[in-house]
Amino acid sequence: MIQELQPPAALDGAAADALARARARTAPALDAALGQLDPWLREMAAHTTGGKGLRPALVLLAAEAVGADPEDALPGAVAVELIHTFSLVHDDIMDGDERRRSRPAVWKAYGTGPAVLAGDALHTLALDTLLRSGGPHAHSAVRHLVHALGDLVRGQAEDLRFENRPWYGPGAVTPHAYRRMAERKTGALFGCATALGAVLGGAPHRTVEALRRAGRHAGVAFQASDDVLGIWGDPALTGKPVYGDLRRGKKTLPVLTALAGAPPAHARALTALLAAGDRPAEAAARIEAAGGRTATVAEAGRQLGIAGRYLSAAPLDPAAVRALRNLLSFLPDRHG
């Protein structure tokens, strides 16, 4: 019987321990990598780092799942965290987000030009970290990271183009188009994380691909959850202002599914409210009443189910997979 991932209320002991162990392993190596940067760039990078470390944990758990020593995958864990940080720095500039993790975004604290430069430095450092790691699988790991970066950039480009498309009617962004964008923009790096652990652990191609696809679908679940938090999240937990995505007019999955499923008159009324942008609380209530929040949570669960099926199909270490399943399932339940 195929076991599907179910979102738990909290991390179980094995996954919490895996996350803590991943942080303990990755932190010194990440500090050493950042130490290669110009001091000013390092200061800006440090301003953004400090998240939960989910992506490095996925790299190390994937290595354990294929029977490898997680130490062999440590360069991949560092590289993925560097790319994640780079993407946050640049995303905040593009989206105009002034806050990140309850403090000013890098561009707000240091200026747009310096923030762009810091992001570029992190991007370069990630590739260099993998290339200099040596070993028989380093070049294959770089290829996976480069491919994921291409997808990430393409997804971000699609997301930016969505801003100029109508909310409703001809030319509107569909939920399907949004999910495809999210698989590239967010899913690509999650899939890269699980793939890198397998690649650096010496796993065969079919196993690497199963883990990559599992991570990719879990990343879409993460994005769906992020969209819910972007409207209804508690600022004390997310570090971002309430109704932030609505105030910026972002086309996210709760909004798009609400519009797609609403009667035409209701959809037009919601569209007018979104276009005005001055009553985000009312817009959020209408989106929820139209089923946008419920449908987005359900989509996160569906994506986790697909991720679980890919894990079930691969020959993986059972103990590591249990922790990996729980960690993936935790993604939609986090609070920032």
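Computed from heavy atoms alone, side chains included, the values below leave out hydrogens, waters and symmetry copies.
Under a 3.5 Å cut-off, the side chain of R100 and the backbone N or O of H47 do not form any donor-acceptor pair. In this structure, the side chain of R42 engages the main chain of L37 through a donor-acceptor pair within 3.5 Å. Under a 3.5 Å cut-off, the side chain of S87 and the backbone N or O of H84 do form a donor-acceptor pair. For D97 (side chain) and R99 (main-chain N/O), no donor-acceptor pair under 3.5 Å exists by modelled atom type. Put simply, the side chain of D69 never gets that close to the backbone of D72: no donor and acceptor are under 3.5 Å apart. For the pair R165 (side chain) and G171 (backbone), a donor-acceptor distance under 3.5 Å is present. A donor-acceptor pair is defined here as one N or O able to donate and one able to accept, closer than 3.5 Å; no such pair exists between the side chain of S225 and the backbone of A221. Between the side chain of H90 and the main chain of V116, a donor-acceptor pair closer than 3.5 Å is present. Here the side chain of W107 pairs a donor or acceptor atom with the backbone of D92 at under 3.5 angstrom.
The shortest distance between side-chain heavy atoms of R143 and H147 does not fall below 4.5 Å. For the pair Y110 and P104, the minimum side-chain heavy-atom distance is 4.5 Å or more. Two residues are said to be in side-chain contact when any heavy atoms from C-beta on lie closer than 4.5 Å; L60 and E71 fail this criterion. You'll find the side chain of W167 reaches within 4.5 Å of the side chain of V255, heavy atoms only. At least one side-chain heavy atom of L54 sits less than 4.5 Å from a side-chain heavy atom of F222. Between L58 and L211 there is no side-chain heavy-atom pair separated by less than 4.5 Å. Looking at P56 and V78, their side chains never come closer than 4.5 Å, going by heavy atoms from C-beta outward. Between L82 and T129 the shortest side-chain heavy-atom distance falls below 4.5 Å.
Under a cutoff of 6.0 Å and an axis angle of 45°, R184 and Y178 do not form a cation-pi pair.
Salt bridge K185/E158: absent, no basic N to carboxylate O contact under 4.0 Å. Between E163 and K251 there is no salt bridge, since no side-chain N of the basic residue sits under 4.0 Å from a carboxylate O of the acidic one. Of the charged side-chain nitrogens involved, none lies within less than 4.0 Å of a carboxylate oxygen, so that E183 and R213 do not count as a salt-bridged pair. Electrostatic pairing of E209 and R212 counts as a salt bridge here, judged by a charged N lying under 4.0 Å from a carboxylate O. Between R154 and D151 there is no salt bridge, since no side-chain N of the basic residue sits under 4.0 Å from a carboxylate O of the acidic one. Taking 4.0 Å as the cut-off between side-chain N and carboxylate O, R21 and D17 count as a salt-bridged pair. Remark: K250 does not engage D227 in a salt bridge, criterion side-chain N to carboxylate O under 4.0 Å.
Atoms CZ and CD, from R23 and E81 in turn, are 10.5 Å apart once rounded to the nearest 0.5 Å. Taking CD1 from I306 and CG from L311, the interatomic distance works out to 12.5 Å, rounded to the nearest 0.5 Å. With values rounded to the nearest 0.5 angstrom, M44 atom CE is found 13.5 Å from T85 atom OG1. Atom CG of L253 and atom CG of D226 lie 11.5 Å apart (nearest 0.5 Å). For the atom pair L149 CG and L189 CG, the distance stands at 7.5 Å (nearest 0.5 Å). To the nearest 0.5 angstrom, I287 atom CD1 is 8.5 Å from T257 atom OG1.
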**Request:** Check step by step if side chain to side chain contact (heavy atoms under 4.5 Å, CB included) holds for V228 and T252.
**Result:** CA-CA 9 Å; V228 172; T252 59; over 6 Å; no
**Prompt:** What do the steps show when you test R325 against S312 for side-chain hydrogen bond (donor to acceptor under 3.5 Å, both in side chains), and what is the final call?
**Reply:** CA-CA 10 Å; R325 283 179 177 276; S312 294; 2.7 Å; yes
**Request:** Please report the C-alpha distance between L259 and L274 in whole Å, then the side-chain angles of each, then the deciding distance to 0.1 Å, and finally whether the side chain to side chain contact (heavy atoms under 4.5 Å, CB included) criterion is met.
**Result:** CA-CA 11 Å; L259 288 168; L274 292 165; 4.3 Å; yes
**Message:** Please determine whether side chain to side chain contact (heavy atoms under 4.5 Å, CB included) holds for the pair T186 and V220, giving the CA-CA distance in whole Å, both sets of side-chain angles, and the decisive distance to 0.1 Å.
**Reply:** CA-CA 6 Å; T186 307; V220 179; over 6 Å; no
**Request:** For L196 and V80, run side chain to side chain contact (heavy atoms under 4.5 Å, CB included): C-alpha distance rounded to whole Å, both residues' side-chain angles, the deciding distance at 0.1 Å, then the answer.
**Result:** CA-CA 9 Å; L196 282 180; V80 163; 3.5 Å; yes
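Contact between A224 and A300 at its shortest, heavy atoms only, is CB-CB, 4.1 Å. Residue L130 comes nearest to A79 through the heavy atom pair CG-CB, 3.8 Å, listed as atom of the first residue, atom of the second, then distance. Between T194 and A62, the shortest heavy-atom contact is O-CB, 3.2 Å. When every heavy atom of L34 is checked against every heavy atom of A45, the shortest pair comes out as CD2-CB, 3.9 Å. Residues A141 and V199 share a closest heavy-atom pair of N-CG1, 3.9 Å. Smallest separation of non-hydrogen atoms from V59 and A77: CG1-N, 3.6 Å.
Both V142 and I83 sit in one connected hydrophobic cluster of ILVMFWY residues. Membership requires side-chain heavy atoms under 4.5 Å apart, directly or through other members. Cluster annotation: L145 is not connected to V153 through the hydrophobic network of ILVMFWY side chains, with a link wherever side-chain heavy atoms come within less than 4.5 Å. Linking ILVMFWY side-chain heavy atoms closer than 4.5 Å, directly or via other members, places L122 and L131 in a single hydrophobic cluster. By the rule that hydrophobic residues join a cluster once side-chain heavy atoms approach within less than 4.5 Å of another member, L125 and L117 end up as members of one cluster. Put simply, L61 and L30 are part of two different groups of oily side chains (I, L, V, M, F, W, Y) that touch within less than 4.5 Å, one to the next.
If you look at H217 and F190, their ring centroids are not closer than 6.0 Å.
In summary, the side chains of R132 and Q36 do present a donor paired with an acceptor at a separation below 3.5 Å, with no hydrogens or angles considered.
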